[in-house]
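Positions are given from 1 along the sequence.
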Amino acid sequence: MSKPLSETTKAIIRATVPALAAHGTAITAAMYKCLFQDPEVRELFNQSNQGEEGRQTKALAHAILAYAQNIDNLDVLAGAVERIAQKHVGLNIRPDHYPHVATALLGAIKEVLADAATDDVLTAWGEAFWFLAHILIGREEQIYGDLHSSVGGWTGWRRFRIDAKVPESDIITSFILRPVDGGPVIRHRPGQYLTFRVAVGGLPLQRRNYSISSAPNGESYRISVKREPHGLISNLLHDDLQVGSVLDVAPPTGDFCLAEEQERPVVLLSGGVGLTPMVAMLEAIAAHGNRRPVHYIHGAQDGRVHAMAKHIRALTAKQPHITSAVFYQSPRTGDQKGVHYDHDGFITLDWLAANTPIKEADYYICGPKPFLATFVNGLAKSGVPNDRIHYEFFGPADELAA
């Protein structure tokens, strides 16, 4: 357990906030450059997040800045700490990886801030890093222990075979996964994801997260993957891996989970492939027998890319307490309103306020970043308390700019 940070250390950390705001992304870019010189450390990271406008670099810069800004009130970062710990366990990050990060971070601060990175500044940030690191390590040890001791649980990597491959739309395919060893699998919490370690040609091992799109059954998992135009692993899954192919899989992790015992109404709100964790939640709700009101709202471009539509319609038709509404941005000629979808255009905050119990419900939101920004920020501004707004990122969890 870390000893509390001294007032001197906190004062120095607070004083670095303007420098971090101005140079944070340069610091994190330099940190990753240093880290990735070690091939074993490099393989721990999803390299697709290092491209695409430096999403991971920006996300980490924002996290470090938030840490400095809240150094006197770290309780507000509890949610972020849990999210990071869950992600680390999925990536199989262990305590012996943390010294590499400490060395790279302090070196990057010195490189970017130059003379402003005095010995006192580096000492303070060293203490602050290890204070947070010990919190993360402790939480990660708890998660690893729970996974190891659960029925069907495991830690590290386990071999899974593709048992079935099911096209769900023109761009989304589902993969049913069963363990090669024939044993049971841990019953995940609806909304969690699996982490995959994939070999691609002569490249370093690649790691990706995919939400589980089925309710827990103790025997298998289903993931539903969108083909990305330049997606190295998504295209490999769609084109090259077939029934019988084997993948390395880490156990289910993630903190975007449907509350089990809560009695408030639930609104599941998704855009595009963001429906994958929602399907797991819907299946679990239908199987559980809880009669709390549930509203499922989904937005897609058109019927060509709307995945699992028949499955969801059949599921909700048997559950009178579950209502659904589907929006198509640009319906095709063959898309029949009232049959394939319910509303033209985009989901709006006004529509949600008029058609969902906004003063009572918990909102679970998943989709592209603009979709999240619209509804996470919009619902908060509409008076929905933060503890009733739950959301999942596909990628690094950086800030949601209003």
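The closest side-chain heavy-atom distance from Leu60 to Tyr32 is below 4.5 Å. Side-chain atoms of Pro252 and Tyr221, non-hydrogen and from C-beta on, do get closer than 4.5 Å to each other.
A salt bridge (Lys or Arg N to Asp or Glu O under 4.0 Å) check over residues 24-36, counting only residues at least two apart or in different chains, returns nothing. A salt bridge (Lys or Arg N to Asp or Glu O under 4.0 Å) check over residues 346-365, counting only residues at least two apart or in different chains, returns the pairs Arg264-Asp362. For residues 227-248, the salt bridge (Lys or Arg N to Asp or Glu O under 4.0 Å) pairs, not counting sequence neighbours, are Arg159-Asp248, Arg197-Asp248, Arg227-Asp239. Residue pairs that meet the salt bridge (Lys or Arg N to Asp or Glu O under 4.0 Å) test with at least one member in residues 18-31, sequence neighbours left out, do not exist here.
Take Arg222 and apply the salt bridge (charged side-chain N to carboxylate O under 4.0 Å, His left out) test, not counting sequence neighbours, and it matches Glu283. His306 meets the ring-ring contact (aromatic ring centres under 6.0 Å, His included) test with His298, Tyr328; sequence neighbours excluded. By the salt bridge (charged side-chain N to carboxylate O under 4.0 Å, His left out) test, Asp181 is found to be paired with Arg158, residues two or more places apart in sequence or in another chain being considered. In this structure Trp157 satisfies the ring-ring contact (aromatic ring centres under 6.0 Å, His included) test with no other residue, sequence neighbours excluded. For Glu40, the salt bridge (charged side-chain N to carboxylate O under 4.0 Å, His left out) criterion is met by no residue, not counting sequence neighbours. For Asp146, there are no salt bridge (charged side-chain N to carboxylate O under 4.0 Å, His left out) partners two or more places apart in sequence or in a different chain. With sequence neighbours left out, Phe371 forms a ring-ring contact (aromatic ring centres under 6.0 Å, His included) with Phe375. For His390, the ring-ring contact (aromatic ring centres under 6.0 Å, His included) partners two or more places apart in sequence, or in a different chain, are Tyr364.
Using a cutoff of 4.0 Å between basic side-chain nitrogens and carboxylate oxygens, Arg14 and Asp72 are scored as salt-bridged.
For the pair Arg208 and Tyr193, the cation does not sit on the ring face, since its NZ or CZ is not both under 6.0 Å from the ring centre and inside 45° of the axis.
Residue-environment remark: CG (Asn386) stays at or below the threshold of 12 foreign heavy atoms within 6.0 Å.
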Requested in this report: Run the numbers on Tyr296 and Leu269 for side chain to side chain contact (heavy atoms under 4.5 Å, CB included), then give the verdict.
Outcome: CA-CA 6 Å; Tyr296 173 62; Leu269 179 61; over 6 Å; no
Report task. Check the pair Phe346 / Trp351 against ring-ring contact (aromatic ring centres under 6.0 Å, His included), numbers first and verdict last. Result -> CA-CA 10 Å; Phe346 295 97; Trp351 189 94; over 10 Å; no
